[in-house]
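Before I ask anything, let me first share the structure, which is written out below as structure tokens.
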There are 2 protein chains.
Amino acid sequence: MKDVAQHAGVSTATVSRVLNGHAAPTPETRERVLAAIEELGYRPNALARSLRTTSTQTLGLVISDLLNPFFAEIARAVEDEARSHGYCVVIGNADESAEQEATYVRTLLDRRVDGLLLCPATDDPGLVREVSAGGVPLVLLDRTVRGATCPVVRADGSEALTALARRLVGAGHTRVGVIAGPPDTSTGRERTDVFTGALGGLAQVVHGDFRQESGSQAAAKLIDDGATALVAMDNLMGLGALAEIRGRGLRIPHDIALAVFDDQPWFPLLDPPITVVAQPTVEMGRAAARSLLALINGQQPDDVRLTAKLVLRGSLGEAEL
Amino acid sequence: MKDVAQHAGVSTATVSRVLNGHAAPTPETRERVLAAIEELGYRPNALARSLRTTSTQTLGLVISDLLNPFFAEIARAVEDEARSHGYCVVIGNADESAEQEATYVRTLLDRRVDGLLLCPATDDPGLVREVSAGGVPLVLLDRTVRGATCPVVRADGSEALTALARRLVGAGHTRVGVIAGPPDTSTGRERTDVFTGALGGLAQVVHGDFRQESGSQAAAKLIDDGATALVAMDNLMGLGALAEIRGRGLRIPHDIALAVFDDQPWFPLLDPPITVVAQPTVEMGRAAARSLLALINGQQPDDVRLTAKLVLRGSLGEAEL
DNA sequence: GACGGCCGTGTAATCGATTAACTACTGCGC
DNA sequence: GCGCAGTAGTTAATCGATTACACGGCCGTC
């Protein structure tokens with residue numbers, strides 16, 4: 001910056017003013033400064049600027065698993081929304097581990113992100129408190145924690161799950177195997193509670209960990225126990241269940257029905273296409289980013305609750321259509 | 001930091017030494033400082049530290065599309081490798097747009113990443129030159145550019161594609177539709193060249209843009225032109241082709257054969273499972289991160305060329321088995 | 001013609017760390 | 001008792017920006 005100033009025959013203050021679009025500098029001075037910048041290929045140091053202004057124009061996003069298309073879509077939406085407001089997003093991959101999640105959150109705080117978007121790995125409010133104590137704007141996404149005091153953005157699947165349960169009962173299923181998420185996550189618990197409640201005793205629950213392998217294992221157990229329908233509460237576990245079903249040579253929906261929480265672009269291409277509860281991922285990501293930006297600007301955004309929809313496609317059998 | 005120093009009755013220099021594990025401070029002093037840090041909940045400001053040390057312990061990664069599982073896997077692998085060396089990764093999503101790619105690269109440079117990993121959207125070496133001119137360590141990943149002067153990490157699919165072509169010819173296919181990538185990307189061109197060369201005149205090529213929609217359109221055109229086999233040069237275009245095939249009620253492999261470049265976890269679950277050329281994504285990501293770290297440490301890593309493998313699964317028909 | 005106001009720039013303090021150079025103290029040998 | 005080496009800790013410069021305040025020139029008014 002000093003070089004630029006010297007080159008243009010002005011002080012660094014003037015260079016800074018030109019850079020930040022202040023009213024002061026003469027058009028002529030401005031021109032000289034811009035020429036010098038161009039000539040020297042100068043680019044301002046964002047670190048120094050942030051240090052001085054205490055604003056990084058950066059949002060932190062800590063998600064549970066980048067390989068899960070659900071979170072990838074959310075990340076993408078958050079990024080789009082943030083960018084359109086001049087913010088940049090730094091993504092942290094917690095890998096469904098509370099420990100790694102904490103590490104990432106701290107790293108992001110150390111780098112002074114202007115706000116943080118978090119998909120908490122567990123119910124534990126400890127980390128959320130830590131962030132709040134630091135006074136950093138925080139919005140929870142997809143999942144919440146016990147006694148959360150910050151805005152939460154998530155999808156409500158109750159209606160869709162209730163409708164799904166009704167279909168299954170109506171189709172005469174007697175044992176519905178539920179491949180549930182971890183009981184220490186809000187989404188894991190809530191979805192399972194609503195769904196088993198609506199099934200009224202027909203449900204048999206096995207908990208997985210939101211990963212493919214656990215889906216296969218849970219499916220195996222449930223099939224062995226005589227389940228006539230399987231419902232996976234997350235798309236990766238759904239993939240695992242599907243693999244197990246195929247591995248055993250069972251046919252959907254003839255031998256067993258299947259439904260999955262979270263849609264995927266390839267679900268409609270299976271034979272039969274998979275019935276799902278589809279979350280509005282893009283909306284969730286955008287809404288979360290908007291809430292966080294509002295919080296950063298001193299407003300108090302409300303919680304956002306979007307609605308997940310039941311998409312019937314055929315994997316439950318004719319009964320559904 | 002001043003607060004901590006005051007609290008512990010020492011100077012900021014001493015606090016800094018404790019923080020950085022310097023030899024100087026007495027165990028007793030160290031203890032007092034750590035206690036003060038603990039008590040005040042102090043966390044060092046990474047911006048200030050980086051400004052002073054000119055090292056951010058951060059790698060930039062600019063990929064073409066986060067929603068493409070191929071890149072998501074790479075990102076994941078890069079992150080793992082980087083983290084294990086104490087580095088953090090900032091991901092930028094270029095969305096297959098050269099403009100957005102340039103924006104991201106500049107943003108990352110402004111934030112003074114210690115090194116940059118780039119999956120270039122096009123062949124154009126302009127951006128690569130810009131980065132090199134800035135003296136920032138750079139490694140190209142998956143794709144290269146014309147006259148690249150930096151290390152490149154990629155997968156070689158020639159062997160697999162040649163074998164694939166041989167199978168198709170052997171099975172008696174007369175018109176093979178190739179859904180190619182953009183001709184201004186190295187992967188798009190190379191894969192197509194090798195494959196059509198090996199097919200010796202049986203190939204009909206339509207270019208897509210590495211996205212699902214373009215895959216469907218290309219497939220439609222090729223099917224209309226009487227293709228008996230379709231090969232998509234990227235997994236998203238493969239997904240699009242599959243959708244088009246299903247949409248027309250065609251059966252694989254009876255009516256048409258299909259193979260895709262890039263594997264996906266759900267390809268084996270289709271009926272029939274899809275034959276693919278599988279790239280070693282995790283290896284690629286790790287290798288790229290390692291090369292970049294080597295470059296940062298002043299070494300001169302070689303280009304890395306990994307091998308993609310043909311995985312036969314059934315979507316080419318009995319001929320393949 | 002002198003004075004007050006306004007405008008474009010420059011000077012210098014500041015953000016929060018790191019670190020070279022210096023100071024103060026301890027203890028040892030002669 | 002004195003000097004010297006060695007060690008623990010402090011002072012202050014520095015990284016590259018932003019910005020409050022000061023300064024000097026120009027113009028209009030009485």
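We name chains A, B, ... by the order of the sequence lines, and we start the count at 1 in each one. These numbers come from the heavy atoms of this one structure, side chains and all, not from hydrogens, waters or symmetry mates.
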request  = Sequence neighbours left out, what pairs pass salt bridge (charged side-chain N to carboxylate O under 4.0 Å, His left out) with at least one residue falling in residues 59-71 of chain A?
outcome  =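 Qualifying pairs: none.
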
inquiry  = Does anything in residues 97-112 of chain B form a side chain to side chain donor-acceptor pair (under 3.5 Å)? List the pairs, not counting sequence neighbours.
reply    = A/Arg43-B/Asp110, A/Thr58-B/Arg111, A/Glu79-B/Tyr104, A/Arg83-B/Gln100, B/Arg106-B/Glu130

inquiry  = Quick check on the helix from C/dG1-D/dC30 to C/dC30-D/dG1: what's the angle between its two end axes, five base pairs per end, to the nearest 10°?
reply    =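 Between the axes fitted at each end of the helix from C/dG1-D/dC30 to C/dC30-D/dG1 lies an angle of 70°.
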
inquiry  = Please report the distance, rounded to the nearest Å, between CZ in A/Arg30 and C1' in C/dT9.
reply    = 14 Å

ask   = Does any N or O in the side chain of A/Asp142 come within less than 3.5 Å of the main-chain N or O of A/Cys119, such that one atom is a donor and the other an acceptor?
value =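 Side chain of A/Asp142 to backbone of A/Cys119, a donor-acceptor pair under 3.5 Å: no, none is there.
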
ask   = Looking at residues at least two apart in the chain, or sitting in another chain, which of them share a side-chain contact (heavy atoms from CB on, under 4.5 Å) with A/Thr122?
value =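 A/Ala98, A/Asp124, A/Asp184.
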
Table of protein N/O atoms under 3.5 Å from nucleotides 22-25 of chain D N/O atoms:
none

request  = Kindly write out the residues that satisfy salt bridge (charged side-chain N to carboxylate O under 4.0 Å, His left out) with A/Asp123, not counting sequence neighbours, or none if the list is empty.
outcome  =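 Scan of A/Asp123 (salt bridge (charged side-chain N to carboxylate O under 4.0 Å, His left out), adjacent residues dropped) gives A/Arg189.
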
request  = May I have the distance from A/Gln57 (atom CD) to D/dT18 (atom P), rounded to whole angstrom?
outcome  = 12 Å

task = Identify whether any heavy atom of B/Ser50 sits under 4.0 Å from a base atom; if not, whether one sits that close to sugar-phosphate; answer base, sugar-phosphate or nothing.
result = nothing

request  = Identify, between B/Gly9 and B/Thr54, the residue whose nearest nucleotide on DNA chain D lies closer to the 5' end.
outcome  = B/Gly9

Heavy-atom side-chain contact between B/Pro120 and B/Leu140 under 4.5 Å = yes

ask   = Can you tell me how far P of D/dT18 sits from CG of A/Leu47, to the nearest Å?
value =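 Those two atoms, CG and P, are 13 Å apart.
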
key: Contacts of B/Glu28 that satisfy salt bridge (charged side-chain N to carboxylate O under 4.0 Å, His left out) - sequence neighbours left out   = B/Arg32

query = Who pairs with A/Leu51 by side-chain contact (heavy atoms from CB on, under 4.5 Å), at least two apart in sequence or on another chain?
reply = B/Asn45, B/Ala48, B/Leu51

query = What residues form a side-chain contact (heavy atoms from CB on, under 4.5 Å) with B/Pro125, not counting sequence neighbours?
reply =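 With sequence neighbours excluded, B/Pro125 shows a side-chain contact (heavy atoms from CB on, under 4.5 Å) to B/Arg129, B/Val145, B/Arg146, given in chain and number order.
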
note = Whether each nucleotide of nucleotides 17-26 of chain C has a protein heavy atom under 4.0 Å at its base (B), only at its sugar-phosphate (S) or at neither (-) is summarised, 5' to 3', as BBBBB-----

task = Sorted by first residue and then second, give each side chain to side chain donor-acceptor pair (under 3.5 Å) pair with at least one member in residues 290-302 of chain B; sequence neighbours left out.
result = none

Test side-chain contact (heavy atoms from CB on, under 4.5 Å) applied to B/Ser16 - qualifying residues, sequence neighbours left out =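 B/Met1, B/Asn20.
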
